[in-house]
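First up is the structure itself, then whatever we jot down about it.
Naming convention: chains lettered A, B, ... in sequence-line order (proteins, then strands); numbering from 1 in each chain.
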Protein chains: 2
Amino acid sequence: MPKDAAITRDRIVAAASRLFYGHGIRAVSVDDVAARAGLTKRTLYYHFRSKDDLIAAYLAARDEPTIVIVMGWMDAAKGSLADKLEAVFAQLARLGRHPKWRGCGFLRTAAELVTTPGHPALKAGAAHKKKLEAEFASRFADAGLADPEMRARQVMLLFDGAFSAMLTHRDASYAEAAGQAAMDLVRGEKMRAVKRRA
Amino acid sequence: MPKDAAITRDRIVAAASRLFYGHGIRAVSVDDVAARAGLTKRTLYYHFRSKDDLIAAYLAARDEPTIVIVMGWMDAAKGSLADKLEAVFAQLARLGRHPKWRGCGFLRTAAELVTTPGHPALKAGAAHKKKLEAEFASRFADAGLADPEMRARQVMLLFDGAFSAMLTHRDASYAEAAGQAAMDLVRGEKMRAVKRRA
DNA sequence: TTGCGTACACTCACTAGTCAGTATACTTTG
DNA sequence: CAAAGTATACTGACTAGTGAGTGTACGCAA
């Protein structure tokens, strides 16, 4: 039955996700993941060729859901674009206050795997961030903001900066400061001419 | 002679710095560091109680020099506050284009050691970022910027965001986008009343 | 009976940290 | 001043444990 295989695979990815996110890639062994998934390492290696494959699957499984969550925050918020951005960063701060929060899985993986440039997990992480940036840009364009791509990029920089600072200081208020900056960047910018260099 | 000990210690820290920064904390063994420093592991353990001690020493040695470099960029740049910030981020982009660049050692260490909350290296990293933020705030205050502390915090968020994005995408132009955002945040803000919430 | 999914037991390389001992140089003492 | 003692800086070989990945056999469903 191929369905069983898919179920087992998902269970392994779920176990890997919890452990890799909670403790880091290198800190977690394949044995740990197998034990957490309730099966032996040999079974895990039946479903995944290597630990690197498993890491890639871990991030791939986080891509779409993360984007849905963040854009859900934005679309659910009432008011102006600035208000919506404030809501996004307020929600990020709320996450950051959770005791099990460990920063951004994509950024932390990028930091850990920095020496293996072609790693599929790194590509997945970069693609994920690009997608999120594009979602912001699309909404900024709809709102009539000048230079939506650049503003989206700057908001992403604040977003990733908030992740880093919250992780460094264990202080979620950094996300709120980032939200204020994001608001300032999109406020009163609607019709301003694009006089910046490309 | 205690001078010999200091020299050897420094050589170990220098070797650790290169390897930890280049490959990551967990990816580098104590044997690797000892070999790079040209001595045995036993000698390394004569100078450091544990690998954790060595990690802390690695970040401690990077603290002050990093701040001097970044503030040197800022103070050497001519023009307005915005111009000086543009210069800082331009220099960051220049660093990011170097083939041996591997992101921010402090942020990457924070990401790797996320499961050991009290680790001295994490405290060193947090203190380092706070110091840098304070240096920005001091210069913003001197320039008569309204709410210098908040702006300094936001610039730090852009700074760390630039590190993260450059590492994720291997694209140094993110630092320049961050620089543009930083300029926008300090420009035309000199005398604006502080109407934001605390 | 074929082949898919699982388990046990294993390999071999590597890891942080330790044991016991040595060469050198400075200090104390007869 | 010379001999003995002591602290310093160092080494090679080791331990106990963990790492990713594998060979082989077994049960179960079609």
Side-chain angles (χ1 to χ4, degrees), chain A residues 1-59 109 112-116 118-122, chain B residues 1-59 109 112-116 118-122:
Chain A
M1 263 183 215
K3 209 174 69 178
D4 287 355
I7 289 171
T8 303
R9 209 192 119 98
D10 285 354
R11 210 172 67 215
I12 294 169
V13 171
S17 202
R18 259 181 245 194
L19 292 173
F20 285 156
Y21 178 72
H23 304 278
I25 305 290
R26 294 195 85 107
V28 170
S29 72
V30 177
D31 291 276
D32 292 338
V33 176
R36 175 81 179 219
L39 31 78
T40 64
K41 182 162 60 172
R42 196 66 189 85
T43 301
L44 189 153
Y45 273 99
Y46 177 79
H47 292 275
F48 296 90
R49 248 200 341 218
S50 64
K51 186 181 183 181
D52 284 336
D53 265 29
L54 186 56
I55 299 165
Y58 147 59
L59 285 194
T109 303
E112 274 201 76
L113 302 185
V114 74
T115 40
T116 53
H119 200 293
L122 295 184
Chain B
M1 263 182 215
K3 210 173 68 179
D4 288 355
I7 289 170
T8 303
R9 209 192 120 98
D10 286 353
R11 209 170 69 214
I12 295 169
V13 171
S17 202
R18 260 181 243 193
L19 293 173
F20 286 155
Y21 178 72
H23 305 278
I25 304 289
R26 294 194 84 106
V28 170
S29 72
V30 177
D31 291 276
D32 292 337
V33 176
R36 176 80 179 219
L39 30 77
T40 64
K41 181 162 59 170
R42 196 64 191 82
T43 301
L44 190 152
Y45 274 99
Y46 176 80
H47 292 275
F48 296 90
R49 246 193 350 211
S50 64
K51 187 181 184 181
D52 284 335
D53 265 29
L54 186 56
I55 299 164
Y58 147 59
L59 285 193
T109 303
E112 273 201 76
L113 302 185
V114 74
T115 39
T116 53
H119 199 293
L122 295 183

TODO: Just do the side-chain contact (heavy atoms from CB on, under 4.5 Å) check on B/Phe20 and B/Leu59 with the steps written out, would you?
DONE: CA-CA 10 Å; B/Phe20 286 155; B/Leu59 285 193; over 6 Å; no

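- Atom CZ of B/Arg26 and atom P of D/dT18 are 13 Å apart (whole Å).
- If you measure from atom CD1 of A/Ile7 to atom P of C/dT6, you get 10 Å, rounded to the nearest angstrom.
- Between B/Arg9 atom CZ and D/dT8 atom P the separation is 16 Å, expressed in whole Å.
- Taking 3.5 Å as the limit, the base of D/dG21 and the side chain of A/Lys51 contain no donor-acceptor pair of atoms between them.
- Counting only heavy atoms from C-beta outward, the side chains of B/His23 and B/Asp32 never approach each other to under 4.5 Å.
- Close to C/dT6, at under 4.0 Å from its OP1 or OP2, lies no side-chain N or O of A/Tyr46.
- Rounded to whole angstrom, the span from the CD1 atom of B/Ile12 across to the C1' atom of D/dT11 amounts to 13 Å.
- A/Tyr45 has a side-chain polar atom (N or O) that falls below the 4.0 Å cut-off from OP1 or OP2 of D/dG21.
- Under 4.0 angstrom from either OP1 or OP2 of C/dT6 there lies at least one side-chain N or O belonging to A/Thr8.
- Not one side-chain nitrogen or oxygen of B/Ser29 sits closer than 4.0 Å to the OP1 or OP2 atom of C/dC14.
- In this model, the phosphate group of D/dT11 is approached by a side-chain N or O of B/Thr43 to a distance below 4.0 Å at OP1 or OP2.
- Distance check: A/Thr109 OG1 to A/Ile25 CD1 gives 4.0 Å after rounding to the nearest 0.5 Å.
- The residue among B/Lys41 and B/Gly38 whose nearest nucleotide of DNA chain D is located toward the 5' end is B/Gly38.
- Atom NE2 of B/His119 is separated from atom CD1 of B/Ile55 by 4.5 Å, given to the nearest 0.5 angstrom.
- Distance CZ (B/Phe48) to P (D/dA9): 13 Å, rounded to an integer number of Å.
- The distance from atom CZ of A/Phe20 to atom C1' of D/dA20 is 12 Å, rounded to the nearest whole Å.
- Atoms CG (A/Leu19) and P (D/dG19) sit 12 Å apart, rounded to a whole Å.
- If you check every strand for non-hydrogen atoms under 4.0 Å, B/Val33 touches nothing.
- A sub-4.0 Å separation between OP1 or OP2 of C/dT6 and a side-chain N or O of A/His47 is present.
- Within 6.0 Å of CZ in B/Arg11 there are more than 12 heavy atoms belonging to other residues, nucleotides or ligands.
- What separates CD1 of B/Ile55 from P of C/dA16 is a distance of 9 Å, to the nearest Å.
- Both A/Arg42 and A/Ile25 sit near DNA chain D, but only A/Ile25 has its closest nucleotide nearer the 5' end.
- Comparing D/dA20, C/dA16, D/dT11 by their nearest atom to the side chain of A/Asp31 picks out D/dA20.
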